[in-house]
Amino acid sequence: MSNQEDCYILAIETSCDETSAAVVKNGNDVLSNLIVSQIEIHKAFGGVVPEVASRKHVESITLMIEQALEEANVTPERLSAIAVTEGPGLVGALLVGIMAAKSVAFAWNKPLIGTHHIAGHIYANQLVEEIVYPAVALVVSGGHTELVLMEQEGKFSWLGRTRDDAVGEAYDKVARALSFPYPGGPYVDALAKESKEAEKLPRAWLEPDSYDFSFSGLKSAVLNLVNQHKMRGETGYEAAIARGFQESVVEVLVEKAIRAVKETGAKQLLLCGGVAANRGLREELTKRTETEGIALVIPPFKYCTDNAAMIGAAAYLKWKRGQFSSLDLKGEPSFSLEAWSV
């Protein structure tokens with residue numbers, strides 16, 4: 001660990017379609033966190049186009065780094081390290097951030113910290129509240145649906161994960177079936193809240209002791225319902241389907257997360273990832289944890305979606321231990337969270 005009194009980490013995140021740069025002090029004080037979203041660009045394609053995402057990262061990354069330092073009022077000389085998302089993510093997008101991070105780390109003679117994207121989502125909670133161990137993290141995003149046990153700081157072990165679609169991916173596919181634009185999750189969430197009725201849809205509990213998830217069957221059930229309504233020439237069915245779909249997803253996520261906390265003896269439950277912004281999930285998880293007497297931590301909306309501040313928070317774990325990356329760092333699209341453990 002450095003003898004420097006305070007640690008200032010410049011963090012870079014380009015794993016998918018958000019370009020982000022941030023400066024984080026001592027792992028939990030966000031001095032700047034700039035994000036450029038590409039949602040409007042990818043809407044035309046109904047999803048993220050990797051080549052387009054990479055080109056857009058290239059166009060903005062240098063300016064983002066400069067502005068993050070300026071807003072934080074931190075000079076390159078004061079930086080303790082440069083952190084960057086190493087994976088998982090889109091390989092081309094990852095490489096843009098990694099090359100930028102390696103360049104400034106070399107030019108400014110600063111340590112480089114390759115950081116795991118999901119560790120970032122988990123430690124986004126550290127930006128708002130101290131994490132107490134052991135803790136269970138429910139990770140829900142466009143590409144991930146996982147239950148992770150952390151017995152101590154920076155140590156991750158899988159309890160369960162999705163066997164097919166991630167929950168965010170399922171939301172987008174259902175939204176497309178209901179004729180909503182990309183990204184569809186917020187539309188489904190909003191419509192579900194408005195509906196007084198809910199279509200009956202299946203819950204995929206899997207084996208009695210399993211913490212795994214499966215959403216492909218639920219997605220197929222929604223598609224079948226939509227087709228049946230269309231064949232009968234019916235209209236106005238979208239809200240009831242949205243609510244039925246959301247209730248099915250939320251019930252399974254909440255019940256498995258609560259069971260994981262009880263069976264592991266965890267002291268906290270952490271909600272993490274882009275789908276943590278889903279109001280239906282936040283409300284139901286808050287209600288259930290209050291009933292069960294479980295401590296719940298949910299980051300604010302600005303730290304749920306991909307952002308560099310969360311990468312700076314996770315990278316601080318490595319900085320404290322002097323665990324740095326070499327300049328031959330490469331993008332790892334299928335990077336293991338357990339392998340990244342400090």
- Using side-chain hydrogen bond (donor to acceptor under 3.5 Å, both in side chains) as the criterion, list what pairs up with H116, not counting sequence neighbours. none
- Task: Kindly assign one of parallel, tilted or perpendicular to the pair H117 and H121, based on the angle between their ring planes and the thresholds 30° and 60°.
- Result: perpendicular
- Should the heavy atoms of other residues, nucleotides or ligands under 6.0 Å from CD of E197 be counted, would the total exceed 12? no
- Query: Any cation-pi pair here, R161 with W158, using under 6.0 Å and within 45°?
  - Reply: yes
- Query: How far apart are the closest heavy atoms of V24 and G312, and which atoms are they?
  - Reply: CG2-CA, 4.1 Å
- Message: Between K56 and E59, does any side-chain N to carboxylate O distance fall below 4.0 Å?
- Response: yes
- When every non-hydrogen atom of S80 is compared with those of W319, the smallest separation belongs to CB-NE1, 3.6 Å
- Task: Ignoring hydrogens and angles, state whether a donor on the side chain of S15 or E13 is under 3.5 Å from an acceptor on the partner side chain.
- Result: yes
- K256 NZ/CZ over F213 ring centroid, <6.0 Å and within 45° of normal: yes
- Among residues two or more places apart or on two chains, list those pairs meeting salt bridge (charged side-chain N to carboxylate O under 4.0 Å, His left out) that have a residue in residues 229-238. R232-E234
- Query: Does the distance from a Lys or Arg side-chain N to an Asp or Glu carboxylate O, for R163 and E207, drop under 4.0 Å?
  - Reply: yes
- Item | Point-to-point distance, once rounded to the nearest 0.5 Å, from CZ of R243 to OG of S248 | 13.5 Å
- Query: Under 6.0 Å between the ring centres of Y171 and F245?
  - Reply: yes
- Message: Surrounding CZ of R203 (heavy atoms of other residues, nucleotides or ligands, distance under 6.0 Å), is the total greater than 12?
- Response: yes
- Message: Quick check on E251: does its CD atom have over 12 non-hydrogen neighbours (other residues, nucleotides or ligands) under 6.0 Å away?
- Response: yes
- Message: Among residues at least two apart in sequence or on other chains, which ones pass side chain to side chain contact (heavy atoms under 4.5 Å, CB included) with K110?
- Response: L79, I82, W108
- Item | For the student: nearest non-hydrogen atoms of I298 and A276, plus distance | CG2-O, 4.4 Å
- Task: Give a yes or no on whether the backbone of A107 and the side-chain of N109 come within a donor-acceptor separation of less than 3.5 Å.
- Result: no
- Query: Does the Y316 side chain pair with the main chain of K25, one donor and one acceptor, at a distance under 3.5 Å?
  - Reply: no
- Message: Distance check, rounded to the nearest 0.5 Å: N26 atom CG versus C7 atom SG?
- Response: 6.0 Å
- Query: How many angstroms lie between CD in E86 and CG in L329, if you round to the nearest 0.5 Å?
  - Reply: 4.5 Å
- Message: If we check side chain to side chain contact (heavy atoms under 4.5 Å, CB included) with L271, which of these qualifies: I122, L281, V297, L253?
- Response: L281
- Quick one: CG on L159 to OH on Y211, what's the gap to the nearest 0.5 Å? 6.5 Å
- Query: Is the backbone of D165 close enough, under 3.5 Å, to the side chain of S216 for a donor and an acceptor to pair up by distance?
  - Reply: no
- Decide whether S214 and D164 meet the rule of one side-chain donor and one side-chain acceptor closer than 3.5 Å. yes
- Message: Holding to side chain to side chain contact (heavy atoms under 4.5 Å, CB included), I want the full list of residues that pass it with K267, two or more places apart in sequence or in another chain.
- Response: V132, P134
- Check the pair K287 / E290 against salt bridge (Lys or Arg N to Asp or Glu O under 4.0 Å), numbers first and verdict last. CA-CA 5 Å; K287 185 167 66 176; E290 287 176 352; over 6 Å; no
- Item | Flag if over 12 foreign heavy atoms under 6.0 Å of CZ, F106 | no
- Task: Just do the salt bridge (Lys or Arg N to Asp or Glu O under 4.0 Å) check on R279 and D189 with the steps written out, would you?
- Result: CA-CA 7 Å; R279 295 181 188 275; D189 184 24; 5.2 Å; no
- Smallest heavy-atom separation, P88 atom then P333 atom, equals CB-O, 3.0 Å
- Less than 4.0 Å between a side-chain N and a carboxylate O, is that true for R259 and E263? yes
- Here the gap from N278 atom CG to E283 atom CD, rounded to the nearest 0.5 Å, amounts to 9.0 Å
- Query: So, the side chain of S32 versus the backbone of A68: is there a donor-acceptor pair under 3.5 Å, distance only?
  - Reply: yes
- Partners of E292 by side-chain hydrogen bond (donor to acceptor under 3.5 Å, both in side chains), sequence neighbours excluded? K262, R288
- Kindly give the heavy-atom pair with the smallest separation between A93 and C16, and that separation in Å. CB-O, 3.8 Å
- Item | Closest non-hydrogen atom pair between A257 and L147, with its separation | CA-CD2, 4.0 Å
- Pair Q67-E71, side-chain donor/acceptor within less than 3.5 Å: no
- Query: For the side chain of T14 and the backbone of G97, is there at least one donor-acceptor N/O pair under 3.5 Å apart?
  - Reply: yes
- Item | Qualifying residues under side-chain hydrogen bond (donor to acceptor under 3.5 Å, both in side chains), relative to N28, sequence neighbours excluded | none
- Will you find, in the side chains of S336 and E338, an N or O donor that is under 3.5 Å from an N or O acceptor? no
- Any donor and acceptor pair, going by atom type alone, linking the side chain of T85 with main-chain N or O of T115 inside 3.5 Å? no
- Task: Ignoring hydrogens and angles, state whether a donor on the side chain of E199 or H229 is under 3.5 Å from an acceptor on the partner side chain.
- Result: yes
